[in-house]
Protein chains: 2
Amino acid sequence: MAAEGAEENGRAAEVGPVARPTIRDVATRAGVSKSLVSLALQNAPRVAPQTRAAILAAAEELGYRRNAAAHALGAHRTRTIGVFVLDLHNPLTADVLDAVQAEARRRDYRTIIVVGGEDAAAERAELEKLLEFRVEGIIAVGHRLPDGADAAFTADCPAVIIGSDHRSTPHLASVSNDDVMGAGLAVDHLVSLGHERIACVDGGPSAVARDRRRGYRTAMRRHGLGDAIAVVKGSFTEDGGYRGASQALDLPERPTALFVVNDLAAMGAMAAVEDRGLSVPDDISVVGYDGTRLAGIRPIGLTTVGQPLQQMGTQAAARLCGQLDGEVCGQARTRLPPSLIERRTTARVLR
Amino acid sequence: MAAEGAEENGRAAEVGPVARPTIRDVATRAGVSKSLVSLALQNAPRVAPQTRAAILAAAEELGYRRNAAAHALGAHRTRTIGVFVLDLHNPLTADVLDAVQAEARRRDYRTIIVVGGEDAAAERAELEKLLEFRVEGIIAVGHRLPDGADAAFTADCPAVIIGSDHRSTPHLASVSNDDVMGAGLAVDHLVSLGHERIACVDGGPSAVARDRRRGYRTAMRRHGLGDAIAVVKGSFTEDGGYRGASQALDLPERPTALFVVNDLAAMGAMAAVEDRGLSVPDDISVVGYDGTRLAGIRPIGLTTVGQPLQQMGTQAAARLCGQLDGEVCGQARTRLPPSLIERRTTARVLR
DNA sequence: CATGCTTGCTGGACCGTTCCAGCACAGGAG
DNA sequence: CTCCTGTGCTGGAACGGTCCAGCAAGCATG
């Protein structure tokens with residue numbers, strides 16, 4: 001029966017956009033007022049069961065489909081949250097998104113995703129698009145907007161940032177892992193394997209990179225290795241990792257281990273090691289950060305600091321939806337503990 | 001000035017959804033009718049330049065933002081295409097999406113992305129959501145809807161499938177690579193390295209897997225290796241690749257090379273090789289399929305059949321937008337040639 | 001029997017746009 | 001001067017829903 005409706009439209013589709021049945025058409029067919037159809041469709045209580053059934057049947061027969069635009073306009077609500085993604089290529093994104101999506105669905109919110117293009121302008125345009133859609137809240141998985149610009153957006157609807165907690169915009173809610181602690185975990189692990197000359201391949205100016213860098217420094221000093229601290233410039237990309245590691249390996253006192261700002265960059269770092277005729281982990285141990293699936297892939301087996309990605313996604317969505325539903329939510333910034341995932345790119349240092 | 005508007009709303013945001021300025025507010029401030037504001041905002045021709053400027057200024061001052069819902073309702077258009085993604089984890093997805101997004105943007109269409117959940121029901125719900133938003137067209141990157149169900153959707157708006165071209169639904173436009181040819185490329189390459197016992201780790205019942213399987217068989221026969229044909233069951237996941245390869249390696253006549261249905265599964269296959277104390281490529285050569293970035297990562301260096309992912313994304317978007325803009329588009333099903341990307345997981349067979 | 005409450009339904013205003021018909025005015029052609 | 005054309009603008013209907021006030025009928029209560 002539904003198929004029949006689709007068939008009818010199938011023909012019309014050839015010549016242009018189909019004139020879809022409206023709530024009024026359904027009302028006529030069911031012999032009731034359009035108001036009642038509206039009520040029945042949103043599962044309102046005061047509708048007689050058999051009337052409701054008749055309306056639902058009529059809707060089904062006509063192939064009625066709610067018009068989200070009209071709905072939003074009338075209801076002043078969309079029950080939709082916008083998800084902004086900075087980089088689809090980062091394997092971290094997929095894990096987080098799956099969890100966000102699942103939690104939102106559970107709470108009866110829908111999600112739409114947009115992805116920020118190359119530059120800040122494109123990112124801004126995508127965010128603007130979300131706002132035009134009148135999403136009720138925004139979840140951002142990474143962002144590169146200058147401080148302050150994001151504030152202008154979150155003035156319009158609540159937002160939660162996943163991953164980086166911008167210290168500069170304290171009003172922004174965030175769910176992140178404790179990067180300082182995570183970096184410490186990495187250093188602790190390497191030290192426990194006897195490493196002393198541990199270099200840090202950095203990620204640049206972002207808040208995340210800053211914290212990981214700081215955690216590295218703090219941990220090194222804690223182990224009495226303050227003099228061995230060596231931070232080289234890199235980035236969150238494979239290429240950045242390659243260049244950073246190259247620089248570190250060419251240091252006069254060559255490090256025996258590399259702590260790299262994220263998993264992707266760690267891939268590049270391993271390539272750099274290899275290109276110098278050295279091997280991982282025999283000559284050089286490598287630790288990444290993020291705990292993405294990529295790192296877990298067998299031929300790679302990267303030791304890394306795992307973020308609770310799924311949990312982060314879930315919490316972010318739960319917090320946002322909760323806030324929208326008027327629940328009182330606790331603190332705006334949640335920070336989850338990371339954990340070390342030991343695999344095959346780290347080994348005891350050779351004397 | 002824009003910031004000022006944001007500030008004002010910033011306060012109101014605490015107590016609930018902000019009452020955003022409407023086109024009417026802008027009209028009042030600029031001292032014109034709302035119709036003219038509407039005209040000015042959509043860059044209509046018959047608006048005096050200085051009036052337009054005044055209107056734009058007023059809009060800016062008030063922090064006006066178009067309401068997409070109202071727009072859609074009035075204009076009977078959304079200029080939005082919906083992108084359905086089956087699996088965000090497949091690294092192929094990101095490449096394709098980037099290209100789709102870029103092309104759509106170039107043609108002044110916006111995109112929204114939804115991701116299909118665990119099962120066919122969730123997938124259907126997401127597609128339905130897109131339709132409720134009244135997207136003008138749909139691009140699907142993979143899908144698992146039973147044949148016929150997808151027909152019901154595409155009856156309502158034009159759609160292009162990327163990747164798999166469902167033979168069973170010939171009315172669906174698609175952009176794909178030639179899987180039969182690609183599989184042939186892989187076999188040719190292995191044969192040129194002296195391999196004869198080449199096994200195929202399969203991907204299951206999907207159309208894509210079928211074509212790759214068939215391409216493998218055809219090529220083997222072409223090389224006079226019909227007797228060496230060995231297809232083992234696997235899937236498009238790492239795990240499926242592992243199990244498939246395990247089975248292949250336990251064959252009485254152990255193969256010297258593995259052609260695996262996609263890059264992800266090839267990762268699993270390599271793990272299986274390793275677990276048997278064998279090495280890639282010295283003992284076993286491995287070829288993947290897709291040409292994802294994953295395969296290119298240095299520590300992996302997988303030899304693979306590369307799909308022109310970016311080109312596929314671009315063409316799909318171009319075709320869809322073109323159709324929506326009334327251009328006459330050629331054939332509904334485009335098939336691009338893949339190419340072999342030779343890296344370090346294949347080697348000359350040892351005698 | 002009047003009253004009030006509950007249940008089930010209706011009519012119409014409203015949301016923020018677009019778009020169409022139409023109007024006033026200016027300038028050029030006849 | 002009149003007519004015509006084009007320019008710049010306005011008012012209001014329409015889009016497809018939601019939601020509120022209100023109404024009729026049935027029932028219980030006093």
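In what follows, chains are A, B, ... by sequence order, proteins preceding strands, each numbered from 1.
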Roughly, in whole Å, what's the span from [atom1] in [X] to [atom2] in [N]?
X	N	atom1	atom2	result
Asn67(B)	dC15(D)	CG	P	18 Å
His76(B)	dA13(D)	NE2	P	16 Å
Phe133(B)	dC15(D)	CZ	P	22 Å

Give every residue pair that meets the ring-ring contact (aromatic ring centres under 6.0 Å, His included) criterion with at least one member in residues 105-133 of chain A, sequence neighbours excluded. Phe133(A)-Phe133(B)
Nearest-nucleotide 5' precedence on DNA chain C, Leu39(A) against Ser35(B): Leu39(A)
Side chain to side chain donor-acceptor pair (under 3.5 Å) partner of Glu132(B), chosen from Arg65(A), Arg110(A), His71(A): Arg110(A)
What bend angle does the helix from dC1(C)-dG30(D) to dG30(C)-dC1(D) show across its length, from five-pair end axes and to the nearest 10 degrees? 50°
At the 4.0 Å heavy-atom cut-off to chain B, mark where contacts on DNA chain C begin and end, going 5' to 3'. dG16(C) to dC19(C)
Compare side-chain N and O positions of His71(A) against OP1 and OP2 of dT18(D) and report whether any pair is under 4.0 Å apart. yes
Listed partners of Arg24(B) passing salt bridge (charged side-chain N to carboxylate O under 4.0 Å, His left out), at least two apart: none
For Gln101(B) and Thr111(B), test the side chains for any donor-to-acceptor distance below 3.5 angstrom and give the result as yes or no. yes
Per the salt bridge (charged side-chain N to carboxylate O under 4.0 Å, His left out) rule, what does the pair list look like for residues 68-77 of chain B, sequence neighbours excluded? Arg77(B)-Glu136(B)
For nucleotides 5-8 of chain D, give me every protein contact, N/O to N/O, under 3.5 Å, one pair per line with atom names.
none

